[in-house]
Amino acid sequence: IMHQAGQELDSTKRAQLTQQLQVLMAQDLPMLPLDTLPNIAAWRTDKVAGVDPADVSNPYGFFFNMGSWYLAS
């Protein structure tokens, strides 16, 4: 099902396949995160602007949208 969902272009069908996969995975073995790493970031607001604090928890990392930061005035 995972392979099939990865090749499906129709978003509705892909969502249905993904939901089927999640049901099967939940029946097999529930997954619980046991270890989590803290997401901490700091920046000087007098030097850098345009930083979105929500990006701290971004799965791509805090510096993902660094291109939108700019020099604070």
Side-chain angles (χ1 to χ4, degrees):
I1 293 175
M2 187 181 298
H3 183 70
Q4 201 176 0
Q7 294 181 339
E8 182 60 56
L9 298 177
D10 182 13
S11 60
T12 304
K13 290 180 184 176
R14 181 179 226 170
Q16 291 171 350
L17 289 169
T18 304
Q19 289 171 357
Q20 289 176 11
L21 180 64
Q22 290 173 348
V23 168
L24 290 174
M25 289 173 64
Q27 290 173 354
D28 187 30
L29 180 65
M31 293 179 276
L32 299 172
L34 299 177
D35 292 326
T36 58
L37 297 174
N39 292 328
I40 299 171
W43 62 94
R44 289 187 53 170
T45 56
D46 63 326
K47 301 285 184 184
V48 179
V51 179
D52 185 2
D55 284 339
V56 172
S57 60
N58 185 333
Y60 297 111
F62 179 68
F63 297 101
F64 180 67
N65 79 338
M66 194 170 89
S68 66
W69 299 0
Y70 55 94
L71 183 63
S73 53

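The shown structure was predicted, so the numbers you read here are calculated from the model rather than taken from an experiment. Position 1 is the first residue of the sequence; numbering continues from there. What's counted below: heavy atoms across the whole structure, side chains too, no hydrogens, waters or symmetry copies.
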For Tyr70, the rest of its hydrophobic cluster, which grows through side-chain links under 4.5 angstrom: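 Direct or chained contacts put Tyr70 with none.
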Which value, rounded to the nearest 0.5 Å, describes the distance between [X] atom [atom1] and [Y] atom [atom2]?
{"X": "Met25", "Y": "Met2", "atom1": "CE", "atom2": "CE", "result": "5.5 Å"}
{"X": "Gln16", "Y": "Leu21", "atom1": "CD", "atom2": "CG", "result": "14.0 Å"}
{"X": "Leu17", "Y": "Asp10", "atom1": "CG", "atom2": "CG", "result": "9.5 Å"}

Transitive ILVMFWY side-chain link Val56 to Phe63, under 4.5 Å: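 Same cluster.
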ILVMFWY cluster, Phe64 and Met66 together (side-chain gap under 4.5 Å):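 Each belongs to a different hydrophobic cluster.
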For Ser68, all residues meeting side chain to side chain contact (heavy atoms under 4.5 Å, CB included), sequence neighbours excluded: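 Checked Ser68 against side chain to side chain contact (heavy atoms under 4.5 Å, CB included); matches are Asn65.
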Side chain to side chain contact (heavy atoms under 4.5 Å, CB included) partners for Leu24, two or more places apart: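 Partners of Leu24 by the side chain to side chain contact (heavy atoms under 4.5 Å, CB included) criterion, ordered by chain and then number, come out as Ile1, Gln27.
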Closest non-hydrogen atom pair between Arg14 and Glu8, with its separation: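 Minimum heavy-atom contact is N-CG, 3.7 Å.
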Gln19 side chain reached by Val23 side chain, heavy atoms, under 4.5 Å: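 Sidechains of Gln19 and Val23: no contact.
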Enumerate donor-acceptor pairs with a distance under 3.5 Å from any side-chain N or O in residues 44-52 to protein atoms, sequence neighbours excluded.
{"from": "Arg44", "atom 1": "NE", "to": "Asp46", "atom 2": "OD1", "distance (Å)": "3.1"}
{"from": "Arg44", "atom 1": "NH2", "to": "Asp46", "atom 2": "OD2", "distance (Å)": "2.7"}
{"from": "Asp52", "atom 1": "OD1", "to": "Ala54", "atom 2": "N", "distance (Å)": "3.2"}

For Gln7, side chain to side chain donor-acceptor pair (under 3.5 Å) partners two or more places apart: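 In terms of side chain to side chain donor-acceptor pair (under 3.5 Å), with neighbours along the sequence ignored, Gln7 is linked to His3.
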For Trp43, ring-ring contact (aromatic ring centres under 6.0 Å, His included) partners two or more places apart: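 Phe62.
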